[in-house]
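Below, read A as the first sequence line, B as the second, and so on, with proteins coming before strands; counting in each chain starts at 1.
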Protein chains: 2
Amino acid sequence: MNSKLKAVEEEFIVTIGQLSESLSINRIVGQLYALLFLSPGPLSLDDMVDKLKISKGNASVNIRELERWNAVKKVWIKGERKNFYQANLDVLKIVINCFKNGLHQRMQKTTERIVKTQGMLNKSSNLFINKEEKNIAEIYQDRLKRIKEISEKTENLVKVLSGLVE
Amino acid sequence: MNSKLKAVEEEFIVTIGQLSESLSINRIVGQLYALLFLSPGPLSLDDMVDKLKISKGNASVNIRELERWNAVKKVWIKGERKNFYQANLDVLKIVINCFKNGLHQRMQKTTERIVKTQGMLNKSSNLFINKEEKNIAEIYQDRLKRIKEISEKTENLVKVLSGLVE
DNA sequence: TAATATGTTTAGAATATTCTAAACGATACA
DNA sequence: TGTATCGTTTAGAATATTCTAAACATATTA
């Protein structure tokens, strides 16, 4: 391939790899996606291994991560025994979806625990006899309620984002 | 302190610590904030060291991270030589602000590199003589433009978020 | 069936991150 | 001035993550 085109490809792959890393996403995940995103046609695992100079195992696990995100999909090419992959070009949808799912999972777990903690506090409230303890319990109730409200706002955001990606 | 209240505090600290970790934020950062968020009054570094059972160095660097985020602030208590800290209770503002700033920094860098890459491609376009190369160059131009558009949308989001936190 | 091609799993090497304990520097106070 | 009290920095230990190379499982072709 033309060396100028190769330079453009390389530059793009490095850029997206760094962006990935800075978002705490495995660099190879970003680079695999960048590679497929630019590629005029589908690529095999071996193609990607050659381009990125990584091991096959590494390519294998990270391409499956991208499949899970619906960021790439397998395509079958007749006469070929290898799997080929192509990028889903709708980057915005992929990003919003990942963000939404990540947020949902994490906040759901957190909300459950906060609610449980509120329960602990309410069940014990009759045990707080002196003024000092009653005061602290009241503060705790207030603070937990604030956090709970944020959980609810976040779940609303998740719903809004769901609407954006159908 | 009442053991029930202690259990509530502990549970909350663990919950927020786990949430932090799951968001690729240092666990101690989350736990320090959780501790101060619940606390009826300001706490010293030593108080936090005792509660979380961590080293002073660890507490020191992570509390400064929280200061940088405007998530906690120093308060001076007369007659005390130690620094005391208290939480900014406006969690939503802190979160939106961190998210916004993180996004802005990362996307700005990325956008710059994408634009540079577009420049590389355009400058070379007269060098692509055969049909094949011209075709690939055109695809690259299209794909880079898509990414560029997302960068712009992201910068818009940053502006919207800026509006939300004044 | 044997030989080859392909993707996955795994053990542990390489690297990066987090954490502590101790050294350090600065400030307050005797 | 010397001593105690703080917070910060730092060297390297502990831990977690990422990556490779090789073993493995499965399917395909000869």
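- Distance A:Lys82 NZ to C:dT8 P: 14 Å, rounded to the nearest Å.
- The two atoms that bring B:Ile94 and B:Asn88 nearest to each other are CD1-O, 3.5 Å, heavy atoms only.
- Taking the centre of each ring, B:Phe99 and A:Phe99 come in below the 6.0 Å mark.
- Under the 3.5 Å distance criterion, the side-chain polar atoms of A:Arg113 are left unmatched by any main-chain donor or acceptor of B:Phe12.
- B:Lys53 places its NZ atom 16 Å from the P atom of C:dC19, with the value rounded to the nearest Å.
- In this structure, OH of A:Tyr85 is placed 6 Å from P of C:dT8, rounded to the nearest angstrom.
- No engagement by A:Lys74 is indicated, since no non-hydrogen atom pair under 4.0 Å with the nucleic acid exists.
- Contact annotation: A:Arg27 does not reach the phosphate of D:dT17 (side-chain N/O to OP1 or OP2, under 4.0 Å).
- At C:dG7, none of the side-chain N or O atoms of A:Arg81 fall inside 4.0 Å of OP1 or OP2 (strictly under the cut-off).
- Near DNA chain C, meaning a heavy atom under 4.0 Å away, there are no residues from residues 61-69 of chain B.
- For NZ of A:Lys4, the number of neighbouring non-hydrogen atoms (other residues, nucleotides, ligands) closer than 6.0 Å is 12 at most.
- A:Met48 has its CE atom 15 Å from the P atom of D:dT20, to the nearest Å.
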